[in-house]
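Note that ligands are numbered from 1 as they come in the structure, with each ligand's atoms numbered from 1 the same way.
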Amino acid sequence: MDAAFTVARGDLLVRDGAIAAVGPAVPAALAALPGGNADERLDAGGCLVLPGLVHGHVHLCQTLFRGLAEHADLLRWLRERIWPLEAAHTEASLAASARLGVCELLAGGVTCVNDMGTVRHTEALGEALEASGIRAIFGKALMDQGEGVPGPLRDDAATAMREAVAVAQRFHGAGDGRLQVSLAPRFILSCSEALWRDVAAASAERGLLVHTHVAESPSEGREVQAAVRTTAARYFEARGVLTSRFVGAHGVWLDRDELTFLAAHDAALVHCPGSNLKLGSGFAQVHNWKAAGVRCGIGSDGAPCNNRLDTFHEMSLAAGLSRALHPVDPLTARDVVALATCDGARALGLGDRTGSLETGKQADLCVLDVSAPHHAPHGQADPYTTVVHAARASDVRATLVAGRVLYRDGRWSTLDPGRVAAEAGAEARALVRRAGIAGLA
Ligand code: GUN
């Protein structure tokens, strides 16, 4: 699938981590190679080869909390469970949580993640991401105020910025350019005005993405209104936070005027349908986002508000919700695949290197087996419909990042799943004890 949504039948040639030729161009490109042949072959017969999936919003620090926070309201969920659990992380538990999440994501065809991080131990997260081989944007979550924010998660604004910049200095561009660092002010309720202004300035100075949550839930909107006397997007606009480097997750309660100025600033939004449903946050109007011209992607959010890190599931939900909300003119299956590939990459500022299968782009690939009974009898009739409405994460046969096979047929090349699961179990038990939440230990 290229930028014009051409679906080619045939081979794909990878050289030095990049796509060297696609479909009809492959035989001539192969013949021109020394020896006239490829060093290695991956048989994708019976499969669709998709651009690697771009996962626009996730909290890898929360993978260990899956199933531990089943409240239905965002703010209670954060204050009573998520923040106390995040505050109990150590370097080891954070790394274990990230590895578990990346294991699941790679097995589900994801080649690129945009992760929010947590306040502490961001270096351990960066090291785990770097070692995994996945493409990632991540940052230190910034919080300098807020009801229910535990002391260990609260910095003063200057410390928060200093640490965030130190993470950027160490990891931005690491892993042969696979890693990028963002600034991640968590949301309006946890960040002071001074912090937002510092974030806007540092983003402009250093070219870093600003990854945050925006207009997610009704109760959050009420608290934001009480705290800053306006809505989140208007607040961001007035403080210079909205630029082409802005990536806001959720956006459920944005009005049309807000969408207009988000588009005018070339800001991006990430749709998180599974999380919005599970937390009861509402139905994001992605149809209106696109009509307004906002760049947009898709993600699952963290494991405790979904509880899957499965982009295929999110695509299916996005398509179903769009049909229910806009029966006459819903997002097409192709629109939805674009959210998880080329549009998602553009939303993260990575459209020049990933998100479609084109010569010169990074060889970030997802090989999807469409030969199982649940794809029969017309498995490859319309690839977009197949991907959105029939495919499952478990159909993924291989996931490659920059030409490197990170997952293939139930095996991960950079992660040992038995070890990852054992370590995650032990770290999760210890973390729950440290968090000391009544009823959890
Ligand atoms: N808003 C602020 N923090 C979070 C978080 O961790 N998850 C979600 N879904 N929304 C948030």
Side-chain angles (χ1 to χ4, degrees), residues 55-66 68-89 94 97-98 101 113-120 122 125 138-150 153-155 160 182-192 195-196 199 210-224 227-228 231-233 235-236 247-254 269-284 298-309 314 317 435:
H55 200 90
H57 177 66
V58 70
H59 298 254
L60 290 169
C61 71
Q62 296 175 5
T63 322
L64 294 191
F65 317 160
R66 183 171 7 228
L68 299 183
E70 299 302 302
H71 308 61
D73 176 73
L74 171 70
L75 295 178
R76 261 192 75 201
W77 178 85
L78 286 171
R79 289 169 178 154
E80 294 179 17
R81 285 287 155 91
I82 299 303
W83 288 340
L85 288 165
E86 278 189 31
H89 260 310
L94 183 57
S97 192
V113 287
N114 181 34
D115 183 69
M116 159 106 358
T118 180
V119 178
R120 308 281 164 228
T122 317
L125 171 64
F138 72 103
K140 166 188 161 73
L142 305 174
M143 305 219 270
D144 70 337
Q145 63 172 32
E147 183 188 330
V149 176
L153 291 187
R154 197 186 290 238
D155 285 324
S182 64
L183 299 168
R186 196 156 186 154
F187 68 156
I188 296 260
L189 297 176
S190 72
C191 301
S192 67
L195 184 53
W196 287 110
V199 163
V210 176
H211 178 198
T212 190
H213 298 88
V214 60
E216 180 174 351
S217 88
S219 60
E220 175 207 20
R222 285 191 294 275
E223 290 202 20
V224 166
V228 297
T231 62
Y235 181 87
F236 292 150
V247 181
H250 300 280
V252 178
W253 296 96
L254 295 166
L269 294 171
V270 178
H271 186 28
C272 301
S275 163
N276 294 341
L277 289 169
K278 179 158 183 263
L279 290 179
S281 299
F283 309 108
I298 194 166
S300 62
D301 207 348
C305 57
N306 195 302
N307 292 359
R308 304 170 172 94
L309 305 181
E314 301 306 313
L317 289 175

S.K.: Quick one: does ligand 1 sit under 4.0 Å from the side chain of Met116, the backbone, both or neither, non-hydrogen atoms only?
M.R.: neither
S.K.: Would you say the side-chain atoms of Asp301 and His59 include a donor-acceptor pair closer than 3.5 Å?
M.R.: yes
S.K.: Are His89 and Thr118 linked by a side-chain donor-acceptor pair shorter than 3.5 Å?
M.R.: no
S.K.: Measuring from atom 2 (C) of ligand 1, which candidate in His213, His57, Gln62 has the nearest non-hydrogen atom?
M.R.: His213
S.K.: With a 4.0 Å cut-off on N to O distance, would you call Glu86 and Arg79 a salt bridge?
M.R.: no
S.K.: To the nearest 0.1 Å, how far is atom 10 (N) of ligand 1 from its closest protein heavy atom, and which atom is that?
M.R.: Glu216 OE1, 2.7 Å
S.K.: Is it true that Asp144 and Arg186 have a side-chain N and a carboxylate O under 4.0 angstrom from each other?
M.R.: no
S.K.: Look up atom CD in Gln145 and atom OG in Ser192, then write down how far apart they are to the nearest 0.5 Å.
M.R.: 5.5 Å
S.K.: Any atoms of ligand 1 less than 4.0 Å from a non-hydrogen atom of Arg186? List them with their elements.
M.R.: 2 (C), 3 (N), 4 (C), 5 (C), 6 (O)
S.K.: Heavy-atom distances under 4.0 Å are what count here, so tell me which part of Glu220 touches ligand 1: side chain, backbone, both or neither.
M.R.: neither
S.K.: Between Trp77 and ligand 1, find which residue part has any heavy-atom pair under 4.0 Å and reply side chain, backbone, both or neither.
M.R.: side chain
S.K.: Give the residue, atom name and distance (to 0.1 Å) of the protein heavy atom nearest atom 9 (N) of ligand 1.
M.R.: Asp301 OD2, 2.6 Å
S.K.: If the cut-off is 4.0 Å to any non-hydrogen atom of Leu78, which atoms of ligand 1 fall inside it?
M.R.: 1 (N), 2 (C), 3 (N), 4 (C), 5 (C), 6 (O)
S.K.: So, are Glu70 and Arg81 salt-bridged, with charged N and O less than 4.0 Å apart?
M.R.: no
